[in-house]
Structure formats: structure tokens, C-alpha cells
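Numbered from 1 within each chain, the chains take letters A, B, ... in sequence-line order.
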Amino acid sequence: MKNPIFKTVGGVCAFLIVTLQANAAPEHASQKAKQGLSDITVSVKGVGCPFCVYGLEKKLKEVKGVEDVQFNLKTGVAKLVLEEDVVPSLQHIPGAVKNAGFTMGEIHLTATGVLEKKQDDDFLTIRSADQTFILFEEKAEQKGKFLTDKTRRKLSKLEEEEASVSISGSIHFHPEKPPGLNITKVVHERSRSVTVKGMACEKCAERVSTIIRRTDSNVTAANVDCRTGQVQIESRQGWIETEKIRQAIEQAGFEASLAE
Amino acid sequence: MMKRTITIVIVVLSFSLFSFEALAGPITFNTALPVHEGEVIVRGQGKLRYSTDDPSPMNRELTVWAAPTVLVYGATEKLTLFGVIPYLDKELELDTPMGRISRSDNGLGDATFLARYTIRQWDRPGETLRLAPFLGLQVPTGDDDESDSLGRLPQPLQLGSGSWDPVAGTIFTWQTLNWEFDTAISYKLNTEANDFELGDEAEFDLSYQYRLWPWKLEQEEGVPGFLYGVLESNVIWQDRHEGPGGDISDSGGTTWFLAPGIQYVTKRWVIEAAVQLPVLQDLNGDALENDFIATAGFRINF
């Protein structure tokens, strides 16, 4: 005869294990889709000793949105630490370096945001936290174009898919125009939201997450909130098989709709 | 009669006196390195000038303590303003027919105001070359009519000159992460006051400083402090002083100092020390020669 106590304890343990697994961190850390500027560095010419650095750091900290400055004397590069939720005034950085008594080299940054086509598809921009940059490549500019054909195709596809993209490069300021971003690196961190109805518990959430990963092997994170029904999907590629995922979730007995 | 004789002897056997430049870093003269717009630098120094090499039979010993305070302000990134006010303590001992006497005075000396403007600037990563002329005026803020029991102190012992004296010059600086070279030339036009005129002064300065520590600058380090070994050269020419009777023969001449020193520089402050040792002294007549001038100081930026 089976011991009812062991049966009860075993059931409780199984429930706890499932619950803990459901609450465990996903295999890839889920990252909320983000917009904004990061990794802002300014190369400065003319700084040859520590005493000169103080004035430079002080002037850069006066730029709106800059919380702190970390200068490397050997490389001559100042790394800007930004204030949260404040759009930095990039256009004031060259003036800050000049007022410190030095000569500015380049400003490098990574802009994460969405792509937009402008002026009858003539050029692409990235809009990142209230800042817009015109995208270009120096090698294409020499041929009278903004972008090489290969880059244009890639970015156009991402623009059509409304992908979240991170683009790194150096800033070039133009009077009365958005600054240009000379592309050195493109990382398309695709993010999409799906609303799933019918999830009753964490076990359902875990099941939905598994379905998403099996349907699209490029998904890096699927953050499922069973209480709100919101699913945040991140992919290492430039697109997500959203329609396939929606159908797979519905075949599992839930109701899925893509967020606007 | 005796008092009058002593006064004449002191005036005749006067010694060369040059202003204490406290503008530098280099330690003994100024630099063309930038001061950012709105920046304030406070520089303090302690200087000891000791002169006992007396070619005359009077066995003179001159001890001058000076503590100049310099306030530096970056009006723009190219225009820098300087204000220098020294505290002076001067004492002269000498043998007289009455015996050995001492005459001294202490207090604030003449203030100097300067403006330096960068006219050329070549910047590269970790390196800069700058050319900056300057113009200034020494104003008679120090007492120039001090006296003691023997009467009015001779002009070189007075704290102030009583005269308005313009100064002009230019500085060139070449700085890299490993070393720095500075050179400057200047000319001070001393004008007359109290029937006395100090001889005009011209100065030619050189400085070379080499980073001793950190020996190698690593990529990962942010802004470490730098320890520099310093060697400076100052060639100072002064014209003869003029008194009521014309040129004073035992005054003026040329002195060449070499000044080894050491300097530690951080982002916010600098400490430094140097000793100016006379390599060559070609002074007129029986002018008192220098033993050394020692300087120690600090700088803080705000």
C-alpha cells in the first residue's frame, strides 16, 4: 500500500520544482527593447599631463546629460557616463573641448533605436531617444552615396521589419541638419511583443517560452509574464518569425496576437 | 655724519635684484599650457634667496624670504590672466666702521598683473605645442619709503619700487606624455621713482622635464599622477641702476642659473621644488653675488 504522506510530499516537491524552474532565469538574459545612446567616447588632442585633465573633465560634465567623465591619459579618450533619462546635448561637446583649451578628435557612440527612411528613400536615419542621426558610410560618400548598396539593403530590410537596431560609429555635425553617424558596426537586436491570453500559471508561461524558442531558433530571450499575458521576444537576427510563433502558440491552446 | 656715510656705502655697493617670477610650471618661469575658460588656479611658493659672495670688504650677507601668491584665471581658453602678490622679508647684514649692522624690512611687495594669450596651438593625441606672448605691469603696492634707526632704507631693501614697470615676453611650450620643454624670453622696463631707477631686466629661460614615474604609461590606467625630474636654466641680464648721481657702477650684470628640481603632478594639484645655482655671475663692480635661490611650491586648480 502506497504511503499517502510520501505521495503528498512528492507532489509538493514536484510542484515546487516546476514553480522554481518557471521562475528561474531564462537561458539568455531577457533584455527589454531599448532606445538610447551608449558607449559615448570623445577623443581629445593636446592633453599631455594630469593637471590639464581636470579642466577637460569639468567642461565635459557641464554638457547636458553628462553625469561623469572617465579620461584615459594614454589613449586621449574621454568616456562619458550619461544621466538616466536625459537626452545628452551632443552638439555641445565640441565647444566644451574647445573651451577646455584642447582640440577635439572624434565622438564615437552607439545609437539604439528604430530606422526610418527619409525624403523618398534617399537616406536612412536612426531615431534613438529623441535624437536622429543620418546614416552614412565614408567609403560610400566618396562615391557620392550615403551608404553602400549592401548596407542599404540590410538596413532597409530592418527598417521594414521595424527592428530595433544598434548602430555604432563616429558623429559628424552639420549646421541645421541632424548629425551624421558614420557607421562602423550594426547590431540588430530585434525585439517584439506578443500578447498571449489563457495562461493560468507559471507553468503555462514556461510552456509558451519553450514554444517560442522551438519555433524560432534565433530567439535569444522570451520573457513571459503569465499575469499580464505580455511576452517580450528578443532575437539575435534581424527578424523574428512572428507569424509562425503566433500560430504555434495558438496550436498549443492559447490565444496570441501581435502587439502594435 | 656716520649715518650718512653708511647710507652712501649701502647705496653704492648695491646688489643686483631681480623680480621673483612666480608664474611657472616650469618651476622658475611660466608655461604656455592652457587654463580652461573659467578655471582658477592658485599657486603658492616659498623662496629663499641667499647671497653672501661679496667682492667688497663689507662682508655683506643678504637673506630674502619671499612667498608669492599667484592667482590665475582663464578668461577664455586662449586668454589667461595672472595676479602675483609677494610677501617679502629682506635682511642685509654688513660690516661698517660702527661694527656689523643689520637692516631689514618685511611686508607685501609690488604686485604684478599679466595677460597671456595663445596665438598658436598644435594639438596631437597626447601632445601639444603652444606659443603664447604675454604683457603685464608691476604696480607699486609695496612700501617704498621704509626706514630704520639709520634712516631711509636703500631702495634695493625697500619692499616696493614705487614705480610702474611694464613687462612683456613670449613663451613656447612643447609637451608630450613623457616630457615637456618650455622656453621663454621677457623684458621688464623699470621706471624711476624716489630718484632711483632699477636697471631694466631681460630674462631667457629654458626648462626640460622628464616623467620619472610611472615609468611606463599603461593603457588601462586613467589619469595617474606624474613625477617629473626637472632641469631649468635662467639667464638674467640687468642694466645698471640709476641714482641721483647717474649710473650706479656696482650694479647690474648677467647671471646664469641652473636649477635642478622635482615636480609631482595630479589632476587637481601640483607640488614642486627646485634650487637655482649660479653657474655664471658676471656682475658689475662690487655687486653682491648669489649663493642660491631655493623654491618650493604648490598649485591647485578649481
Side-chain angles (χ1 to χ4, degrees), chain A residues 39-64 66-82 89 91-109 169-173 182 184, chain B residues 25 31-41 74-80 118 121-130 132 173-181 209 211 214 216-228 263-272 299-302:
Chain A
D39 303 323
I40 303 182
T41 60
V42 183
S43 60
V44 181
K45 301 176 190 176
V47 184
C49 82
F51 203 62
C52 297
V53 174
Y54 176 73
L56 174 67
E57 290 185 346
K58 195 174 166 189
K59 281 297 174 187
L60 285 173
K61 280 183 201 174
E62 290 175 2
V63 173
K64 180 191 162 196
V66 177
E67 185 177 79
D68 195 15
V69 178
Q70 296 161 359
F71 189 77
N72 186 301
L73 202 49
K74 174 153 179 140
T75 61
V77 173
K79 183 177 174 184
L80 306 188
V81 179
L82 301 181
S89 297
Q91 70 277 14
H92 293 139
I93 292 175
V97 172
K98 176 180 169 289
N99 289 340
F102 303 105
T103 303
M104 202 184 79
E106 287 190 329
I107 302 174
H108 279 260
L109 57 75
S170 58
I171 297 289
H172 293 244
F173 293 103
N182 180 24
T184 55
Chain B
T31 179
L33 289 177
V35 176
H36 79 254
E37 182 197 62
E39 182 176 11
V40 172
I41 298 174
T76 72
E77 74 277 9
K78 290 186 184 296
L79 178 64
T80 305
T118 303
Q121 174 180 345
W122 299 269
D123 287 338
R124 292 195 279 265
E127 186 176 357
T128 186
L129 290 85
R130 311 241 168 170
T173 294
W174 184 3
Q175 184 192 60
T176 75
L177 287 172
N178 293 327
W179 51 263
E180 181 178 330
F181 171 76
Q209 48 193 106
R211 194 187 78 233
K216 191 179 174 187
L217 203 54
E218 298 295 338
Q219 186 102 359
E220 295 72 33
E221 293 181 72
V223 186
F226 282 8
L227 178 69
Y228 287 105
Q263 188 181 68
Y264 186 70
V265 181
T266 72
K267 265 201 298 189
R268 290 298 306 275
W269 50 265
V270 176
I271 51 172
E272 57 204 359
R299 280 176 262 173
I300 302 176
N301 57 19
F302 297 92

Salt bridge present between B:Glu37 and A:Lys59 (N-O < 4.0 angstrom): yes

Side chain to side chain contact (heavy atoms under 4.5 Å, CB included) partner of B:Asp123, the single match among A:Val47, A:Val44, A:Thr103: A:Thr103

Chain A contact via B:Gln121 - which portion, at a heavy-atom distance below 4.5 Å: side chain

Any donor-acceptor pair under 3.5 Å from A:Lys58 side chain to B:Phe302 backbone: yes

Which portion of B:Trp122 sits near chain A, non-hydrogen atoms under 4.5 angstrom: neither

Closest non-hydrogen atom pair, A:Phe51 against B:Ile300: CZ-C, 4.3 Å

A:Lys45/B:Glu127 ion pair, N-O < 4.0 Å: no

Structural part of B:Ile41 lying under 4.5 Å from a heavy atom of chain A: side chain

Region of B:Arg124 in contact with chain A, defined by heavy-atom distances below 4.5 Å: backbone

Sidechain-backbone polar pair: A:Lys74 side chain, B:Leu217 backbone, donor-acceptor under 3.5 Å: yes

Within 6.0 angstrom of A:Lys61 NZ, more than 12 heavy atoms from elsewhere: yes

Top contributor to chain B contacts, counting heavy-atom pairs under 4.5 Å, from A:Gly76, A:Ser43, A:Gly55, A:Cys52: A:Gly55

Non-hydrogen side-chain atoms of A:Leu73 and B:Phe226 separated by less than 4.5 Å: yes

Under 4.5 Å from any heavy atom of chain B - which part of A:Thr75: side chain

Gap between atom NZ of B:Lys267 and atom CG of A:Leu56 - 0.5 Å precision: 10.0 Å

Proximity breakdown for B:Arg211 and chain A, heavy-atom pairs closer than 4.5 Å: neither

Residue among A:Pro50, A:Gly46, A:Gly48, A:Cys49 with most heavy-atom pairs under 4.5 Å to chain B: A:Pro50

More than 12 heavy atoms of other groups within 6.0 Å of B:Trp174 CH2: no

